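The structure presented is a predicted model; accordingly, all values stated were derived computationally and were not measured.
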Amino acid sequence: MADLPILQFEETIMKAVEENTVVVIIGETGSGKSTQLSQILHRRGYTKSGIVGVTQPRRVAAVSVARRVSQELGVRLGDEVGYAIRFEDRTSERTRIKYLTDGVLLRESLSNPELDQYSVVILDEAHERSLNTDILLGLMKRLVKRRASNFKVLITSATLDGEKVSQFFSECPVVRVPGKLFPVEIMYSHERPISYLESSLATALEIHMKEGEGDVLIFMTGQDDIDKLVSKLEDRVRSLEEGSCMDAIILPLHGSLQPEMQVRVFGPRPPNCRRFIVATNIAETSLTVDGVVYVIDSGYVKQRQYNPSTGMYSLDVVQISKVQANQRAGRAGRTRPGKCYRLYPSAVYEDEFLDVTIPEIQRSSLAGSVLYLKSLDLPDIDILKFDFLDSPSRKIVFFFRCVSSLFRHTFIAYNRLHPIAFAAAESLQDALKQLYLIDAIDENGLITRIGKTMAELPLEPSLSRTLMEANEHGCLSQALTVAAMLSAETTLLPGRSKNTEKKRKHDYLDLPDGSGWGDHIQLLQIYECWHQTNYDIDWCKDYQLQVRGMKFVKDVRRQLSQIMQKIARGPLDVQTSRRWKESQQDYHNLRRALCVGYANQLAERMVYHNGYRTLGFKPQVVQVHPSSVLKPDDEGKLPDYVVYQELIATSRPYLRTVCAVNIAWVTPILDKVNKININKLSGGIGRIEEHTEENMSDLPKTENVVAAVPDDHESKIQAARERFLARKGKK
DNA sequence: GAGCACTGC
């Protein structure tokens, strides 16, 4: 501990912290920033006036770092040092240093927007740019102005990103702390490989024959490639075995592996043996494998992206960023000097790779984030309560300045660099439309009472809305189950291991089938069956349902029930139905609640075939995913209208997880779609900011331009916003 | 009749 680099910088850091409200710390891997920054602040008295909170993007990190710090300070975990993650709060009144996931801190700021129990907030690993961290960055920017006298923010980031974060916080100081990594020699390919699978294979074999002891970590993009490479490696290594003096163990490592299999990667390594770990980017940050000396980096990663104009998700293989490439290389230098083989030329790294990864906030639907921001006690709501502050219109300007600066921060830098980065305006408009259709905001873009309640639920807005509607119509218990099942769905079904395939098909017949209404209903029925068995673990195993996943569903369901009981007025029925057979009606109310909640995700069947056309977005022809339990009726037809959980483009655009709904429920929603006025919904973001730029009398003229040339207007707003923000920044 | 990168409340 004493030789951690960060301790030599204690004076520098503390001087910067004392003289500034915000400080960026660039701390490379092994600098000790995660464990030491909080302790330094504790020693310097910053825990006397409040808690030092340290956010982490991942649960395991929050827990393990808290445990470590409590050991170093010689206190019991949960006393002076504690942690808070979903489903688990190990803090007490005595807690002075608190590690928490960034999601938990966001939830806390919902009930306490000033975060006044904290004297310091440290946003750790900010360069990872998780959606939650990005929103926290925006909130901190606002908070440091309001609590400048008794609040400090420290942000840790990677080298390439630190300057930008500093700019975001009005050029706050940057302190650089070196890491304790061993040097890693970087080797580039001369050309781009034709097949990075073959290229990885060749490189791995070369290392095995020519290089000394040490494990090899190979980054691939997905399970299929991992499986292929593992089997090829096994073949080739075996044929080499006589010529090599070392044995080889080849291990896959990815998120869908059972935890027992993942453990093999971390177990003790037999002597005179080399392990090849073929991994996804799970090994980039989430899991650390000891003993790795060689890294093979394909330069690619699989990323999920959202297109706000079509409402469609896709899973694409894209080039990594420089930050990611360096992070991967760093995995070779943890225990001793290592080597990193990049399967691409250095010119590609220099010229094509983005400096930093496109942040999640730019690749996701913003409906949840916008609703969350609107629900905070920021000035666009409950204006009467805050009379002592600025006038209402000024408040709205302020709100959108916070929001737009937050989104600016993440959008503008990348738009010209990367085709998949969508414009902030488009993404925000999509979010506003979605929120309007599910009654979370009114036609002026102001949050409604329903929306306010929705934001309290840790769910995507559509599911929150479904719960609220279900509560009105006596099917909350069922909706809670569906919401919980959907929160974990991908982890429920068994993996693709071949020997279970046959067995599963057989058992699958015995599982409920949704009674012809679709996948949501099937999920409900599965959970109710499990409930009937008194949550029997063996029952899950019999039906090949992931035990961990089902337990998670139970936890989520309990948490949602508690929140609903807290926020909803009147009596609630949150008990799981005890007589599920009797509830096998047509699920009328539940399906209607889903229709209301997913008003922005409806599809209409085509007249002559079973394809669907999406409603609400730019219409698209899509198919129900073959994995759906929804089957054509006796006439060979699927339901006329469905709600869908997800629209995803794989080999074709598919609706995944669908439920039949009635046309009578759909019609009023379509009326609403037709009446959408995006300018009003935007709450005059552009208009208000243009007021500050130009004369009031210019306004009608500008609005005419909107109708005629939207793009031009958009760029004008953008320009006005830039000038506005620049001027504000100088003050 | 297809396929699932990784997190998190």
Next on the checklist: Any base atoms under 4.0 Å from V301(A), or only sugar-phosphate, or nothing? Heavy atoms, all strands.
Outcome noted: nothing

Quick note, T101(A) side chain, CB onward, closest among dG8(B), dG3(B), dC6(B) is dG8(B)

d(L233(A) CG, I250(A) CD1) to nearest 0.5 Å is 5.0 Å

Picking from dG3(B), dC4(B), dC9(B), the nucleotide nearest the side-chain atoms of H625(A) would be dG3(B)

* To do: Please determine if a side-chain N or O atom of R656(A) lies less than 4.0 Å away from the OP1 or OP2 oxygen of dC4(B).
  => yes

Rounded to whole Å, the CG-P distance (L131(A) to dT7(B)) equals 16 Å

Among dA2(B), dC9(B), dC4(B), the one nearest any side-chain atom of Y654(A) is dA2(B)

Does N281(A) reach a base, just sugar-phosphate, or nothing at all? Heavy atoms under 4.0 Å.
sugar-phosphate

Rounded to whole Å, the CD-C1' distance (E646(A) to dA2(B)) equals 14 Å

Among dC9(B), dC4(B), dT7(B), the one nearest any side-chain atom of I282(A) is dT7(B)

Separation between CG (L594(A)) and NE2 (H520(A)), nearest 0.5 Å, reads 5.0 Å

Per atom distances to the T280(A) side chain, the nearest of dC6(B), dC4(B), dG8(B) is dC6(B)

From CZ of R548(A) across to P of dT7(B) the rounded distance in Å is 10 Å

Of the listed dC6(B), dG1(B), dT7(B), the closest approach to the R58(A) side chain comes from dT7(B)

Here the distance between atom C1' of dG8(B) and atom CD of Q559(A), to the nearest Å, is 11 Å

From CD1 of I648(A) across to C1' of dC4(B) the rounded distance in Å is 8 Å

Of dC9(B), dT7(B), dA5(B), the nucleotide closest to the side chain of E360(A) is dT7(B)

Of L459(A) and G222(A), the one whose closest nucleotide on DNA chain B sits nearer the 5' end is G222(A)

note: L287(A), atom CG; dA5(B), atom C1'; distance rounded to Å ~ 13 Å

Quiz prompt | Distance test, side-chain N/O of R304(A) to OP1/OP2 of dT7(B), below 4.0 Å | solution = no

To the nearest angstrom, the CZ-P distance between R652(A) and dG3(B) comes to 10 Å

message: Can you tell me how the ring of H625(A) sits relative to the ring of Y654(A), calling it parallel under 30°, perpendicular over 60° and tilted otherwise?
response: perpendicular

(message) Quick check on dG3(B): is either OP1 or OP2 less than 4.0 Å from any side-chain nitrogen or oxygen of T650(A)?
(response) yes

Note to self: Under 4.0 Å, heavy atoms only, any strand: does L457(A) hit a base, just the sugar-phosphate, or nothing?
What the structure shows: nothing

Those residues at least two apart in sequence (or on a different chain) that pass ring-ring contact (aromatic ring centres under 6.0 Å, His included) with Y598(A) are none

Rounded to whole Å, the CZ-C1' distance (F552(A) to dT7(B)) equals 11 Å

cation_pi(R328(A), F219(A)) dist<6.0 Å, angle<=45
yes

Contacts of Y644(A) meeting ring-ring contact (aromatic ring centres under 6.0 Å, His included) (sequence neighbours excluded), chain-then-number -> none

